[in-house]
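Beneath this line is the structure, given in structure tokens, with notes to follow.
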Amino acid sequence: MLAVERRSWPAPGPKERAIREELGISPTRYYQLLNALLDDPRALAHDPVTVNRLRRVRDNRRARR
């Protein structure tokens with residue numbers, strides 16, 4: 001999942017297609033799992049740059065609500 005997030009995506013469509021084809025899950029389920037993964041210390045240890053970037057994005061979205 002973190003490898004998918006490390007890639008640069010021009011638009012949501014190709015990313016959602018890759019999620020379905022490469023991981024075999026729906027985009028909704030992907031984002032549910034990704035959100036839980038961001039709170040896992042092992043994910044942070046594995047890829048701190050990506051995890052911290054995604055945490056910032058998540059926190060900014062939550063703050064706007």
Side-chain angles (χ1 to χ4, degrees):
M1 294 182 96
L2 294 175
V4 171
E5 289 300 318
R6 274 193 300 269
R7 292 189 219 162
S8 177
W9 298 99
K15 181 177 180 180
E16 291 178 0
R17 199 169 15 262
I19 291 168
R20 289 183 191 281
E21 292 173 3
E22 294 175 25
L23 302 175
I25 58 177
S26 72
T28 300
R29 184 65 181 144
Y30 171 84
Y31 288 111
Q32 290 170 341
L33 294 170
L34 179 63
N35 192 46
L37 182 64
L38 295 181
D39 295 326
D40 189 329
R42 293 172 296 178
L44 182 61
H46 176 74
D47 190 347
V49 173
T50 302
V51 170
N52 284 325
R53 177 178 57 82
L54 293 171
R55 283 179 175 178
R56 280 192 307 275
V57 169
R58 178 181 67 179
D59 293 345
N60 287 339
R61 286 185 180 148
R62 285 181 179 172
R64 281 188 251 138
R65 291 181 187 164

**Report entry** side chain to side chain donor-acceptor pair (under 3.5 Å) against Arg6, all qualifying residues, sequence neighbours excluded
**Finding:** Asp47
Report summary line: Those residues at least two apart in sequence (or on a different chain) that pass side chain to side chain donor-acceptor pair (under 3.5 Å) with Glu22 are Arg7
Query raised in the report: Pro48: what forms a side chain to side chain contact (heavy atoms under 4.5 Å, CB included) with it, not counting sequence neighbours?
Result: Leu44, Asn52
Query raised in the report: Which residue pairs pass the side-chain hydrogen bond (donor to acceptor under 3.5 Å, both in side chains) test when at least one of the two sits in residues 35-44, sequence neighbours left out?
Result: Asn35-Arg58, Asp39-Arg58, Asp40-Arg42
Query - With sequence neighbours excluded, residues passing side chain to side chain donor-acceptor pair (under 3.5 Å) with Arg29 - result: Gln32
**Report entry** Separation of Met1 CE from Leu54 CG (nearest 0.5 Å)
**Finding:** 10.5 Å
Query raised in the report: Can you get from Leu38 to Val57 by hopping between Ile, Leu, Val, Met, Phe, Trp and Tyr side chains that sit under 4.5 Å apart?
Result: no
Query - Arg56: side chain to side chain donor-acceptor pair (under 3.5 Å) partners, not counting sequence neighbours - result: none
Report task. Find the distance between OH (Tyr30) and CZ (Arg20) and round it off to the nearest 0.5 Å. Result -> 13.5 Å
Query raised in the report: Got a second to check how far Ile19's CD1 is from Glu5's CD, nearest 0.5 Å?
Result: 7.0 Å
Report task. Verify, without hydrogens or angle tests, whether Trp9 (side chain) and Val4 (backbone) share a donor-acceptor contact under 3.5 angstrom. Result -> yes
Query raised in the report: What's the shortest heavy-atom distance between Leu37 and Ala43, and which atoms?
Result: O-CB, 3.4 Å
